[in-house]
Amino acid sequence: MTKELLNINNLQINFGTFCAVKGISLAIKSGETVALVGESGSGKSVTAMSILRLLKADISGNIILNGNEDLLSVSQKRLEEIRGGKIAMIFQEPMVSLNPLHTIGKQIMEVLAIHKQLSGKRAKEKAIELLKTVGFSEAQKRIDAFPHQLSGGQRQRVMIAMALAGEPDLLIADEPTTALDVTIQAQIITLLKDIQKRTGMAILFISHDLNLVRNIASRIAVMKEGKIVEEGTTEDIFKSPKASYTIKLLNSTPKGEPEAFNPKSPILLSGKDISAEYSKNKILNEVSLAIHKGSCVGLVGESGSGKTTLGMAVLKLVKAKGDLSFQDLPVKDIRPLRKNLQIVFQDPYSSLNPRMNIEQIVGEGLKIYEKGLKKDELQAKVLDILAKTGLPKDALYRYPHEFSGGQRQRIAIARALILRPDFIVLDEPTSALDVSVQAQIVDLLRNLKKEFNLSFLLISHDMKIIKALADYVAVMKDGRIIEAGMNKDIFTAPKEEYTKSLISAAF
């Protein structure tokens, strides 16, 4: 009989007067994968972080490791041995978790030095091996890269490599595939299963996506508002869910179709022969793109293909060569156009000022561009856009760290939408959101696009989101657009094998 590796008993977590986790119990056996699922804000991540005592909160209950150690009361020295060695964690937001001042190689080798006593050449060889394991095709070249020189998906893979470096007994994976494209998602799931089979490692897999955990978990616990509302085998949860909330999650998916693309509408924004490189690595190779008024262009491709760099380049947020035009006029100075051209960044936490509350963050643009607004008028506009993006009124005076990853993404979307711009770059706008809210955001963006005749450049690895929202689709690979066409043409009759592989991995 498989022994229990971790036993959570009557765990309660309070932040001041707010109770985030309400007396939950959960057991994880050696070698098994337990998925903890639920919408953003349900308590999944704080439960995971409490296991390694990473929270400043009032925590009660017991978290027993191997039947004899309560992690809530072990010494700090013993806790440091357990962190990374016995229990490792893949965090939800890699850009925040990685040290921007050190190369990714140095950060992986630090784990190897602490937990495996490896140094010098042996540590570097092992770090390169780990990068290859998580899907870096040019690991030897990329090991000296800094986090900001990698795509969101590549940064997530570095976090996975760091977590695996200590060969832990338990891996806590907090949304480990959130920033990854569908093909890499499948690879990472396969990778984790292979490592688990080889090492006997247990996994606590945290996700908002029930359909994703179906391929990895043997058991599922569903969380809502700090409580576990249903628990059972994966087969039972999918075949005969009992809780209405579980049924809702299973049925949540973006629905509807984009409006028909109108090729006669004027071109709002265009880029010609755009090229960019980081550290002598070519990221964009003479890419040309035109976005019509009222159109949503979906930009898809694996992480590292150049999607985000292209989105930043058309807003002149990165150094790039090539020509940019807005409403048929060459753009030399982007500053006068900032109100008209907005962006929702991929990583919401690092793009939100931690010293500003939500009213200040969302309303900042209004203060700059609509200076005649009175305080109550400004607040009314902020409240209106918060409501449209699914955030409560009491969010106004709270700060970014008080929200879940999905809620922070909605704040970032609200900040971009409040100025009613002509054009928005949406860089993975739903990647951190639970499936039910993804559907809400797709509907919201579709309605706003129609009401205000907005134009979007939608960057995503989620082909279902692209299919539901983008009327025109461009497929990127190795810094080039290799295929482009109407939504229906791309999804029903793709020409490139690469495009076919992206679609088959998603549907």
Side-chain angles (χ1 to χ4, degrees), residues 92-96 98 100 104 135-137 142 145-159 177-185 269 271 274-279 281-289 291 296-322 324 334 341-352 405 408-409 412-413 415-416 423-433 445 455-463 465-466 469-470 473-482 484 498 502:
Q92 187 175 356
E93 290 161 334
M95 194 59 181
V96 177
L98 294 171
I104 60 171
F136 275 82
S137 57
R142 304 300 267 167
F146 288 87
H148 73 274
Q149 295 173 316
L150 304 177
S151 70
Q154 288 171 325
R155 289 193 290 264
Q156 190 66 288
R157 280 180 270 173
V158 172
M159 289 296 302
T177 61
T178 290
L180 304 182
D181 52 81
V182 286
T183 53
I184 299 297
Q185 275 187 3
L269 186 73
I274 299 175
S275 297
E277 60 180 44
Y278 295 143
S279 299
N281 292 313
K282 203 150 199 177
I283 307 299
L284 295 177
N285 198 341
E286 296 183 348
V287 177
S288 296
L289 186 70
I291 298 158
C296 176
V297 174
L299 196 59
V300 299
E302 294 181 316
S303 58
S305 61
K307 306 186 301 294
T308 294
T309 303
L310 180 58
M312 302 280 271
V314 299
L315 296 182
K316 288 188 176 287
L317 294 175
V318 296
K319 287 184 179 179
K321 296 177 182 177
L324 184 68
I334 199 76
L341 310 177
Q342 292 291 308
I343 184 169
V344 174
F345 292 98
Q346 183 174 359
D347 188 334
Y349 193 69
S350 60
S351 69
L352 300 176
R408 287 195 286 264
Q409 188 64 289
I413 292 170
R415 178 177 59 182
F423 172 73
I424 304 176
V425 172
L426 301 164
D427 190 2
E428 301 283 4
T430 61
S431 65
L433 303 181
L445 292 172
S455 302
F456 296 140
L457 177 61
L458 174 62
I459 299 166
S460 182
H461 63 260
D462 191 332
M463 298 298 282
I465 298 293
I466 294 289
L469 195 55
V473 181
V475 183
M476 287 198 75
K477 187 175 189 291
D478 299 329
R480 295 177 183 271
I481 292 176
I482 61 166
Y498 178 72
L502 291 177

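No hydrogens, no waters, no symmetry mates; every other heavy atom, side chains included, goes into these values. In this chain, residues are counted from 1 in sequence order.
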Establish, from distance only, whether the side-chain atoms of H461 and E302 form a donor-acceptor pair under 3.5 Å.
-> no
Euclidean distance, [Y] [atom2] relative to [X] [atom1], rounded to 0.5 Å:
X	Y	atom1	atom2	result
F345	Q409	CZ	CD	11.0 Å
M476	Y498	CE	OH	9.5 Å
S288	R480	OG	CZ	11.0 Å
I283	I274	CD1	CD1	14.5 Å
T309	K319	OG1	NZ	15.0 Å
E277	L284	CD	CG	10.5 Å

Are [X] and [Y] packed together at the side-chain level, in the sense that at least one heavy-atom pair is separated by less than 4.5 angstrom?
X	Y	answer
L341	I424	no
Q154	F136	yes
F146	L98	no
I104	L150	yes
V297	L458	no
V425	I459	yes

Any residue meeting side chain to side chain donor-acceptor pair (under 3.5 Å) with T308, in chain and number order, not counting sequence neighbours |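 Checked T308 against side chain to side chain donor-acceptor pair (under 3.5 Å); matches are D427.
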Any residue meeting side chain to side chain donor-acceptor pair (under 3.5 Å) with E286, in chain and number order, not counting sequence neighbours | none
Closest non-hydrogen atom pair between [X] and [Y], with its separation:
X	Y	result
A276	A320	CB-CB, 4.1 Å
A416	V344	CB-CG2, 3.7 Å
F456	F423	C-CE1, 4.0 Å

List the steps and the verdict of side-chain contact (heavy atoms from CB on, under 4.5 Å) for N281 and R142.
-> CA-CA 10 Å; N281 292 313; R142 304 300 267 167; 3.1 Å; yes
Indicate yes or no for a side-chain donor-acceptor contact from K307 to the backbone of S460 under 3.5 Å, with no hydrogens or angles considered.
->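 Side chain of K307 to backbone of S460: no pair is present.
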Pick from I291, L315, L426, I343: which one makes a side-chain contact (heavy atoms from CB on, under 4.5 Å) with L457?
->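 Filter result, single survivor: I291.
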